[in-house]
Number of protein chains: 2
Amino acid sequence: MSTIADALGVSTATVSLALRDSPLVADETRERIKDHARQIGYIYNRRAASLRTRRSGILGVVVHDIMNPFYAEILRSIEAELDRSRQTFILSNHYDQLDKQRTFIDTLLQLGADGVIMSPAIGTPREDIETAENNGLPAVLIARTVKGAGVPVFRGDDAYGIGLATNHLISLGHRRIIMIGGTDQTSTGRHRYRGYVAAMERAGLRVDPSWRIPGPRTKQAGFEVAGQFLSHKDKPTAAVCWNDLIAIGLMNGIARAGLVPGVDISVTGYDDLEEASIATPALTTVWNGQREVGRRAARVLLDRLSGIEVEPTQELIKPELHVRQSTTQPVERD
Amino acid sequence: MSTIADALGVSTATVSLALRDSPLVADETRERIKDHARQIGYIYNRRAASLRTRRSGILGVVVHDIMNPFYAEILRSIEAELDRSRQTFILSNHYDQLDKQRTFIDTLLQLGADGVIMSPAIGTPREDIETAENNGLPAVLIARTVKGAGVPVFRGDDAYGIGLATNHLISLGHRRIIMIGGTDQTSTGRHRYRGYVAAMERAGLRVDPSWRIPGPRTKQAGFEVAGQFLSHKDKPTAAVCWNDLIAIGLMNGIARAGLVPGVDISVTGYDDLEEASIATPALTTVWNGQREVGRRAARVLLDRLSGIEVEPTQELIKPELHVRQSTTQPVERD
DNA sequence: CGGTTGTATTAAACCGTTTAAATCGGGTTA
DNA sequence: TAACCCGATTTAAACGGTTTAATACAACCG
């Protein structure tokens with residue numbers, strides 16, 4: 001800026017004001033300055049500016065794993081929403097490791113980030129969120145919640161959603177339905193399992209504890225669990241899967257074992273990823289409102305930044321059942 | 001820092017030196033300062049520091065699309081490599097839009113990023129890379145190259161790799177092999193097509209121009225192109241796909257049409273994503289060295305930052321063929 | 001005891017921007 | 001004619017660190 005100022009015989013203050021279209025500077029001066037800036041390829045130094053303004057234009061986003069299409073879809077919608085603002089965002093995976101998450105938050109604080117959207121790692125204590133907030137880093141949670149953290153949360157209504165899938169299988173005539181994947185260590189996990197049990201019990205079906213096969217939420221895991229599922233002593237006719245990845249992996253595993261998914265075994269997914277509709281057979285699944293979650297989380301964070309007071313409420317997005325070919329009436333096998 | 005300095009009756013210079021473990025300050029003083037800093041929850045202000053040091057600790061990474069597992073795997077290895085350095089990285093998709101890519105580079109310049117790893121968008125002119133370099137933003141290219149840009153490039157040997165897949169099909173007895181997906185607008189695209197044609201011609205097989213169905217590189221696209229493929233006038237018995245996503249989509253499409261992929265039609269992929277081995281049938285594909293590409297690009301960029309002179313050479317990583325169940329001897333159909 | 005050496009600390013400049021307050025010259029008004 | 005106002009611009013002080021030359025002081029030496 002001082003180069004420009006010197007070249008044009010004005011002060012840096014004028015340059016600063018001119019470049020930001022302040023009405024304080026005369027039109028003619030502004031044009032001269034802007035022209036010259038363009039000509040010499042001036043590059044605005046954001047960190048110098050942010051030192052003064054206390055705004056860095058950086059937002060952080062932490063999720064479990066970007067490679068997981070569920071989060072990827074959320075990220076897409078966050079990206080789309082932020083595109084229209086002047087914010088840059090920094091991404092990180094925490095892989096459910098608390099220390100990774102803490103390191104990242106610390107980095108954000110050091111960079112003077114303006115806010116953070118996070119899907120908290122398993123076991124995140126309320127204090128971690130408070131640390132961020134107290135140091136001027138407003139947070140918004142997605143997908144998972146942290147008890148007692150006074151910040152907005154956006155997530156799907158998991159208990160209700162898994163209920164939709166379970167009810168659908170029951171209404172097709174299935175009785176021995178096993179739930180696959182997930183863990184009790186996340187709020188999401190507890191909600192989904194509870195929703196499944198509740199739906200079964202509403203239909204008068206007893207749920208055996210062995211009717212749950214917990215595990216990682218990957219395609220690979222679903223694939224590998226197929227054997228265990230098929231050889232289960234109760235001969236289940238259907239699987240309610242934690243998510244689409246597991247469901248697709250499971251269907252692949254079932255096919256590999258010589259059975260036909262969607263005929264011999266019914267399978268439901270969760271999330272309704274793009275993939276679900278092109279899987280073979282096309283997967284019956286629950287749309288979880290990823291787009292909506294990302295969009296609204298971003299929106300609310302931007303609101304918080306612009307000073308709008310936001311209630312720290314939990315917003316539950318209502319899932320919808322999308323029926324496709326992976327669920328049919330049960331057939332007896334053995 | 002001045003808070004700490006005042007509280008302890010020393011100068012900010014001493015605090016600065018102590019916190020960075022300078023040998024200039026006495027051990028006892030250092031400890032007092034560090035303890036106090038920890039106690040009051042001091043947060044290092046990176047932007048203030050970078051103003052003086054001209055190092056921001058930020059690296060940029062731009063690829064076509066993070067959601068594409070091929071890039072996701074590269075990102076993973078970049079992340080792993082960078083984890084050990086003190087650099088944070090910022091990610092962006094360009095979706096092959098030049099203006100998006102330019103905006104991002106501009107953002108990096110404004111943030112004073114220390115370097116950028118990029119898989120350049122289609123049509124990226126040499127000048128764009130030079131702009132970055134001239135403004136102190138060293139670049140390293142991955143997956144694709146830009147003619148005349150004097151920077152290091154890491155990519156797989158596409159012509160050789162696709163040749164492996166093509167030769168494999170030919171040796172199984174296939175003669176009418178169609179290439180699916182990709183575009184001539186990227187260097188990768190040209191190399192792969194050339195490799196396919198070369199392999200065919202080496203085997204004395206004429207390639208008809210209609211034996212190429214270009215298109216997007218997504219599962220969806222592969223799925224949708226199945227009809228066109230199956231009804232091709234030359235009754236192809238095998239498909240060499242641009243990548244695993246297309247191959248898997250195509251196999252799903254073939255299955256949907258009532259044929260059995262891996263029996264009626266042989267299919268090869270490219271990239272060897274995790275998914276390839278659990279697809280049904282398991283996909284024969286070409287491992288493209290994603291891990292290696294990411295790791296080495298990150299390594300070289302870090303080298304450049306620490307002042308080590310790096311030759312701007314193209315490094316070709318040798319792909320390997322992984323044979324699985326999606327390729328078998330041809331069967332005649334009609 | 002003056003001079004040298006070495007260690008610990010500090011003052012001050014600097015990085016590039018923003019902004020509140022001050023300045024300046026010219027026009028208006030009482 | 002003095003007082004005041006106005007728009008355009010400048011001044012100077014932040015913002016929070018890093019860096020380097022300078023300083024203070026103690027110990028050692030001959």
Side-chain angles (χ1 to χ4, degrees), chain A residues 1-34 36-38 40-58 86 88 106-114 135-137, chain B residues 1-34 36-38 40-58 86 88 106-114 135-137:
Chain A
M1 273 186 14
S2 65
T3 311
I4 301 178
D6 290 352
L8 266 48
V10 297
S11 74
T12 61
T14 308
V15 176
S16 170
L17 294 170
L19 291 177
R20 284 174 301 138
D21 289 323
S22 158
L24 291 177
V25 12
D27 289 352
E28 190 252 333
T29 314
R30 182 194 354 274
E31 287 317 313
R32 276 202 309 148
I33 291 176
K34 286 190 151 185
H36 191 73
R38 199 169 311 123
I40 68 168
Y42 163 76
I43 291 170
Y44 179 71
N45 186 325
R46 277 216 226 174
R47 26 207 218 303
S50 79
L51 204 52
R52 189 78 229 266
T53 60
R54 343 294 352 264
R55 277 301 209 90
S56 63
I58 293 177
R86 303 219 46 61
T88 310
D106 196 49
T107 300
L108 291 180
L109 290 173
Q110 294 189 8
L111 290 173
D114 299 333
N135 287 296
L137 184 70
Chain B
M1 268 183 17
S2 65
T3 311
I4 301 178
D6 291 351
L8 266 48
V10 296
S11 73
T12 59
T14 308
V15 176
S16 171
L17 294 169
L19 290 178
R20 282 174 304 135
D21 289 322
S22 159
L24 289 178
V25 11
D27 291 350
E28 189 254 332
T29 315
R30 186 201 341 281
E31 286 317 312
R32 277 203 305 146
I33 290 175
K34 285 190 153 184
H36 191 72
R38 200 168 309 122
I40 67 167
Y42 165 74
I43 292 170
Y44 180 73
N45 187 326
R46 279 216 225 174
R47 26 207 219 302
S50 80
L51 207 50
R52 187 81 228 262
T53 60
R54 313 357 303 276
R55 279 298 210 94
S56 63
I58 294 177
R86 305 221 41 65
T88 311
D106 197 49
T107 300
L108 290 179
L109 289 173
Q110 294 189 7
L111 291 173
D114 299 332
N135 287 295
L137 184 70

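Basis for what follows: all heavy atoms, side chains included, without hydrogens, waters or symmetry-related copies. A, B, ... follow the sequence lines: proteins, then strands. Residue 1 opens every chain.
The phosphate of dT10(D) has OP1 or OP2 within less than 4.0 Å of a side-chain N or O from T14(A). In terms of phosphate contacts, R54(A) brings no side-chain nitrogen or oxygen within less than 4.0 Å of OP1 or OP2 of dT18(C).
The side-chain heavy atoms of N45(A) and L51(B), taken from C-beta on, include a pair separated by under 4.5 Å. Under the 4.5 Å side-chain criterion, counting only non-hydrogen atoms from C-beta, M1(B) is in contact with Y42(B). A heavy-atom distance below 4.5 Å is found between the side chains of V10(B) and R32(B).
Toward the 5' end of DNA chain C, the nearer of the two residues T53(A) and A13(B), judged by each one's closest nucleotide, is A13(B). The 5' end of DNA chain D is approached more closely, in terms of each residue's nearest nucleotide, by A48(B) than by the other of L24(B) and A48(B). Heavy-atom distances to DNA chain D give each of V10(A) and I43(B) a nearest nucleotide, and the one nearer the 5′ end belongs to V10(A).
Remark: side-chain polar atoms of R20(A) are paired, donor with acceptor, to backbone N or O of S16(A) under 3.5 angstrom. Under the 3.5 Å distance criterion, the side-chain polar atoms of S11(A) are matched with a main-chain donor or acceptor of T14(A). Of the possible polar contacts, none joining the R46(A) side chain to the G112(B) backbone as a donor-acceptor pair under 3.5 Å is found.
The side chain of A26(B) lies closest to dA8(C) when the candidates are dT18(C), dA8(C), dT9(D). Listed nucleotides: dT10(C), dT18(D), dC15(D). Nearest to the side chain of L51(A): dC15(D).
Contact annotation for R47(A): no contact, since no heavy-atom pair falls under 4.0 Å across all strands. Residue contacts shown for T29(A) are limited to sugar-phosphate atoms, with no base heavy atom under 4.0 Å away. Among the protein residues, S16(A) comes within range of the nucleic acid bases, having at least one heavy atom under 4.0 Å from a base atom. Within the 4.0 angstrom heavy-atom criterion, no nucleotide atom of any strand lies near R46(B). At a threshold of 4.0 angstrom between heavy atoms, the contacts of G112(A) with the nucleic acid are absent.
Summarising the geometry, the separation between CG on N45(B) and P on dG16(C) is reported as 16 Å, rounded to the nearest angstrom. For the pair M1(B) CE and dT19(D) P, the computed distance is 11 Å after rounding to whole Å. Atom-to-atom, CG of D27(B) to C1' of dT9(C) comes out at 15 Å; the value is rounded to the nearest Å. Distance, R55(B) CZ to dC14(C) C1': 19 Å, rounded to whole Å. In this structure, R20(A) atom CZ and dG16(C) atom C1' are separated by 12 Å, rounded to whole Å. Computed from coordinates, the D6(A) CG to dG16(C) P distance equals 13 Å when rounded to whole Å. To the nearest angstrom, P of dG16(C) lies 10 Å from OH of Y42(A). Following rounding to the nearest Å, L19(A) (CG) and dG16(C) (P) show an atom-to-atom distance of 15 Å.
Contact of R52(B) with dT18(D) (side chain to base): a donor-acceptor pair of N or O atoms is detected under 3.5 Å.
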